[in-house]
Amino acid sequence: MKKFITLLVCAFIFNSCDDGDISLDTFNFDPAASINSCSINNGLFFKVKNNEALILKTPITTFENTVTAVNSPRTIVINSSNQVIYRLFNSIISSSYFCASLPPATPAVVDEWNASDGISGASGLIQVTTTQILNPTTNAITGYNHYVVFKNITFSNGVNTFTYENYVYGNYVTTP
């Protein structure tokens, strides 16, 4: 009887183990953290958190130094020219990973989620609100702040999906 119970317990333990698949249904990057870019990869904007990256691939003209009207952000549709990508790496990455002329082979991408381009019915938008940054003493323009929000954005890895109705990506600053 002891052998039967031991065999039953072992069978239960081995059958209840997870197969290791990780299902992502959300991510969280600090909206107060600045959006980074590199001069070598114009049009590539990113946020890094440990072994995760949230990448925006869009023409640099998305961040033109033209102030937007109040409550009227510049709106860009997510498509092949304007992409939002979430990547999970097998180890910690830094901003220098994206600033190399040829990205290093390690760390490796473990999982990648691409934002919807609207084909599946989702509207997937990038909204950019641009304001001036003024020197408090001289009132001269020292730069422009571009506040970026993703609207109705659906991420998919080809098997699973998850959606954000409103995701604050953060601020990207340009010089005049």
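For reference, positions follow the sequence shown, starting with 1. Since the model is a prediction, treat every value here as computed from it, not as a measurement.
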Just by distance, no angles: are the side chains of [X] and [Y] close enough, under 3.5 Å, to form a donor-acceptor pair?
X: Thr129; Y: His146; value: no
X: Ser91; Y: Asn51; value: no
X: Thr174; Y: Asn65; value: yes
X: Thr154; Y: Thr163; value: yes
X: Arg74; Y: Thr130; value: yes

ask   = Do the rings of Phe27 and Tyr86 sit parallel, tilted or perpendicular, given the 30° and 60° boundaries?
value = parallel

Lys/Arg cation over aromatic Phe45: Lys57, 6.0 Å, 45° cone = no

message = Do Lys49 and Phe29 form a cation-pi contact, if we require the NZ or CZ to be under 6.0 Å from the six-membered ring centre and within 45 degrees of the ring's axis?
response =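 Checked: cation-pi criterion met.
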
[X] side-chain N/O to [Y] backbone N/O, donor-acceptor pair under 3.5 Å:
X: Lys151; Y: Ile126; result: no
X: Ser34; Y: Asn36; result: no
X: Asn90; Y: Ala108; result: yes

message = Can you list everything that forms a side chain to side chain contact (heavy atoms under 4.5 Å, CB included) with Thr75? Sequence neighbours excluded, please.
response =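 Checked Thr75 against side chain to side chain contact (heavy atoms under 4.5 Å, CB included); matches are Leu125, Gln127.
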
Which pair of non-hydrogen atoms, one from [X] and one from [Y], has the smallest distance, and what is that distance?
X: Asn160; Y: Asn157; answer: N-OD1, 2.7 Å
X: Ser81; Y: Pro59; answer: O-CD, 3.6 Å
X: Leu56; Y: Phe63; answer: CD2-CZ, 4.1 Å

Once you round to the nearest 0.5 Å, how far does [atom1] of [X] lie from [atom2] of [Y]?
X: Gln83; Y: Thr58; atom1: CD; atom2: OG1; answer: 9.5 Å
X: Asn135; Y: Ile133; atom1: CG; atom2: CD1; answer: 11.5 Å
X: Glu112; Y: Ser156; atom1: CD; atom2: OG; answer: 11.0 Å
X: Ile76; Y: Thr62; atom1: CD1; atom2: OG1; answer: 4.5 Å

query = For the hydrophobic clusters of this structure (ILVMFWY residues joined by side-chain heavy atoms under 4.5 Å, transitively), does one cluster hold both Ile153 and Phe162?
reply =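 Hydrophobic grouping puts Ile153 with Phe162.
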
inquiry  = Assigning hydrophobic clusters by single linkage (Ile, Leu, Val, Met, Phe, Trp, Tyr; side-chain heavy-atom cutoff under 4.5 Å), is Phe150 placed with Tyr164?
reply    = yes

remark   = Going by chain and number, the hydrophobic cluster around Phe89 (ILVMFWY, side chain to side chain under 4.5 Å) further includes Leu44, Phe46, Val48, Ile55, Ile85, Ile93, Tyr97, Phe98, Val109

query = For Val67, which fellow cluster members are found when Ile, Leu, Val, Met, Phe, Trp and Tyr are connected by side-chain heavy-atom distances below 4.5 angstrom, either directly or through intermediates?
reply =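 Hydrophobic cluster check, Val67: joined to Leu134, Ile141, Tyr144.
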
request  = Before giving the answer on side-chain contact (heavy atoms from CB on, under 4.5 Å), spell out for Thr68 and Val128 the whole-Å C-alpha distance, their side-chain angles and the decisive distance to 0.1 Å.
outcome  = CA-CA 8 Å; Thr68 54; Val128 180; over 6 Å; no

Output field: ring centroids Tyr147/Tyr169 closer than 6.0 Å =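 Ring centres of Tyr169 and Tyr147 not closer than 6.0 Å.
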
